[in-house]
2 protein chains.
Amino acid sequence: MVARYELIADELRGEILSGVHPVGSQLPSESELAARHGAARGTVRQAVAVLAAEGLVGSRQGARRIVLGTARSQSFAELHSFAEWARANGYRYGGQVIAQRRRPPTPAEAARLGSGEVLDVLRLRTLEDEPVLLERTAYAEWIAGAVEKLPPGCGSVTEALYESAGLVFAYGEHLIDAVPASTRDARLLGVRRGSPLLRQRRVTTTHEGRAVECSDDRYRAGSVAFSIRNSIGANPLVRHAGDLRFGA
Amino acid sequence: MVARYELIADELRGEILSGVHPVGSQLPSESELAARHGAARGTVRQAVAVLAAEGLVGSRQGARRIVLGTARSQSFAELHSFAEWARANGYRYGGQVIAQRRRPPTPAEAARLGSGEVLDVLRLRTLEDEPVLLERTAYAEWIAGAVEKLPPGCGSVTEALYESAGLVFAYGEHLIDAVPASTRDARLLGVRRGSPLLRQRRVTTTHEGRAVECSDDRYRAGSVAFSIRNSIGANPLVRHAGDLRFGA
DNA sequence: TAGGGGAACTTGTACAAACAAGCGAGCACC
DNA sequence: GGTGCTCGCTTGTTTGTACAAGTTCCCCTA
């Protein structure tokens, strides 16, 4: 069952992408959209709230909504999973486990994953046959077994864990900064030591709020960038000073 | 006039921050909250939607909402303005104009700011008396005059432009990646050439959707990081491959 | 012609009601 | 003892109504 407001949002999004409502133009008023779709105004408001959350339209009281852009936010899965993102964008991709072992958690990991041993996995991911991402992931003990059963060349870990263990990643927290490549980073990614890497540290949890993994992902400079839209009303991205979080 | 749902959201947020509802615990049901505040269920839903957008709570149909974390997103102003962010977090900060001149726009700038000349400003910002950020901003012609009137040591450009020209930044698009420091970057920021910098390119627009500035901000590695919370339902951050946007 | 006033329009907030859909616990049955 | 099912609770979706608050544009006036 797809919600009605989702259908209306999809139609509006399509009209924006296809140029019916160009960037900078005004959207039809809520009453007009409601009449056109035979829906209540509240339903239409939910639909445009979706578009506002995606950063496609902006609004202020009293004035018609305006179109801000056409780039669409991908789904959570596409941000979370390298494979799903690459596939959705039509890139050729791959992955290979470089090292894998159980070890005691660092204090920072223990605070999030619990005090049991973690499964530490180092993966190298490729995009268009070029190595672009080095993934250091610590999995919580309760999921470690399922991760160990995955084949070393597994393309999509997220997908494989869903199929084998029914695991669904639902919430994520991400911390983005820049770091120099270590000797090992440099060798695996094919760059010079000390050259810039874009680092994304993340903690992922299930629906129930149970932490699944802590990860330290390092992208080769120039290979990927993160983008975000915000507005004076909605602002999900936060700036932090230094290494205040995720421990040292 | 503060909206009722904002008050309820503030109270709930306070209860989460103060530990009344610890991380991982369940929030009271909507009906209970509605009864407690003497409000309709829809109003309570708006309140918890605010917290969900901030990444503090998660929800799924049928089960009670759970608390995901306690870190709160700052306001749009704090993401947009280095000064407001630094002040809100109690840091000592400063800024100095290094160079300023009018020039024709690059093609990428012209597409966003219009074809008129842009005002190119290079600013060095300090945090705790350390240089941490190099800001290269191209202002649109219509606002260039007001920017030129600002003192070179102006701490908060955003604030100054609001007071002098009534300008309000309302929407922003940000693209985050890592780049090596150029010779000039390195000298001004006090790092070695080629060392990692965290780059944030952004385009900012007013309420009406009129573009104000394009900026290329480079942070010294280790000085700041960006963080974001997302969920399977709401996902504002997007990953891009290579330099697909903002021109070359 | 420039400015003020106001009317019409549009979005924001709030309430009430109803049904759908999913979750979890407890109960009955095998 | 374990399995499956049902029932109550909770969140999700939708409609309808009313008023508040801000914007836009026209018209009238000085």
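In the text below, chain A, chain B and the rest are named by the order of the sequence lines, each starting its count at 1.
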Can you tell which of A/Val203, A/Thr204, A/Thr205, A/Val212 makes a side-chain contact (heavy atoms from CB on, under 4.5 Å) with A/Arg112?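 By the side-chain contact (heavy atoms from CB on, under 4.5 Å) criterion, A/Arg112 pairs with just one of A/Val203, A/Thr204, A/Thr205, A/Val212: A/Val203.
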
Taking the basic N atoms (NZ, or NE/NH1/NH2) and the acidic carboxylate oxygens, is any pair closer than 4.0 Å for A/Glu11 and A/Arg36?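 Salt bridge flag = no for A/Arg36 with A/Glu11.
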
Using whole Å, report how far [atom1] of [X] lies from [atom2] of [N].
{"X": "B/Gln26", "N": "D/dT11", "atom1": "CD", "atom2": "C1'", "result": "12 Å"}
{"X": "A/Leu7", "N": "D/dT14", "atom1": "CG", "atom2": "C1'", "result": "13 Å"}
{"X": "A/Leu27", "N": "C/dC9", "atom1": "CG", "atom2": "C1'", "result": "16 Å"}
{"X": "A/Leu51", "N": "C/dT11", "atom1": "CG", "atom2": "C1'", "result": "15 Å"}
{"X": "A/Glu32", "N": "C/dC9", "atom1": "CD", "atom2": "P", "result": "13 Å"}
{"X": "A/Ile66", "N": "D/dT23", "atom1": "CD1", "atom2": "P", "result": "13 Å"}
{"X": "B/Gln46", "N": "C/dG12", "atom1": "CD", "atom2": "P", "result": "10 Å"}
{"X": "B/Leu33", "N": "D/dC9", "atom1": "CG", "atom2": "P", "result": "17 Å"}

Can you identify which nucleotide, out of [options], has its nearest atom closest to the [X] side chain?
{"X": "A/Ser29", "options": "C/dC23, C/dT11, D/dT15", "result": "C/dT11"}
{"X": "A/Gln61", "options": "D/dT24, C/dC15, C/dT11", "result": "C/dT11"}
{"X": "A/Arg45", "options": "C/dA21, C/dT11, C/dC15", "result": "C/dT11"}

Shortest non-hydrogen contact from B/Glu213 to B/Leu113?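 Shortest heavy-atom contact: N-CD2, 3.8 Å.
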
Is there a side-chain polar atom (N or O) of [X] under 4.0 Å from OP1 or OP2 of [N]?
{"X": "A/Ser59", "N": "C/dT10", "result": "no"}
{"X": "A/Thr43", "N": "D/dT15", "result": "yes"}
{"X": "B/Arg64", "N": "C/dC23", "result": "no"}
{"X": "B/Tyr5", "N": "C/dA14", "result": "no"}

Test applied, side-chain hydrogen bond (donor to acceptor under 3.5 Å, both in side chains); reference residue, A/Arg102; option that passes from A/Glu141, A/Glu148, A/Glu117: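 Between A/Arg102 and the candidates, side-chain hydrogen bond (donor to acceptor under 3.5 Å, both in side chains) is satisfied uniquely by A/Glu148.
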
Heavy-atom nearest nucleotide on DNA chain D for A/Arg41 versus A/Arg60: which residue maps closer to 5'?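 Upstream on the strand: A/Arg41.
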
Using heavy atoms to find the nearest nucleotide of DNA chain D for B/Glu30 and A/Gly38 separately, return the residue whose nucleotide is more 5′.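 The residue whose closest nucleotide sits nearer the 5' end is B/Glu30.
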
Describe, in one word, how the ring planes of B/Tyr93 and B/Phe82 are oriented to each other, choosing from parallel (under 30°), tilted (30 to 60°) and perpendicular (over 60°).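 Geometry flag for B/Phe82 against B/Tyr93: perpendicular rings.
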
Quick one: label A/Arg65 by what it contacts on the DNA or RNA (base, sugar-phosphate, nothing), any heavy atom closer than 4.0 Å.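 Contact class for A/Arg65: sugar-phosphate only.
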
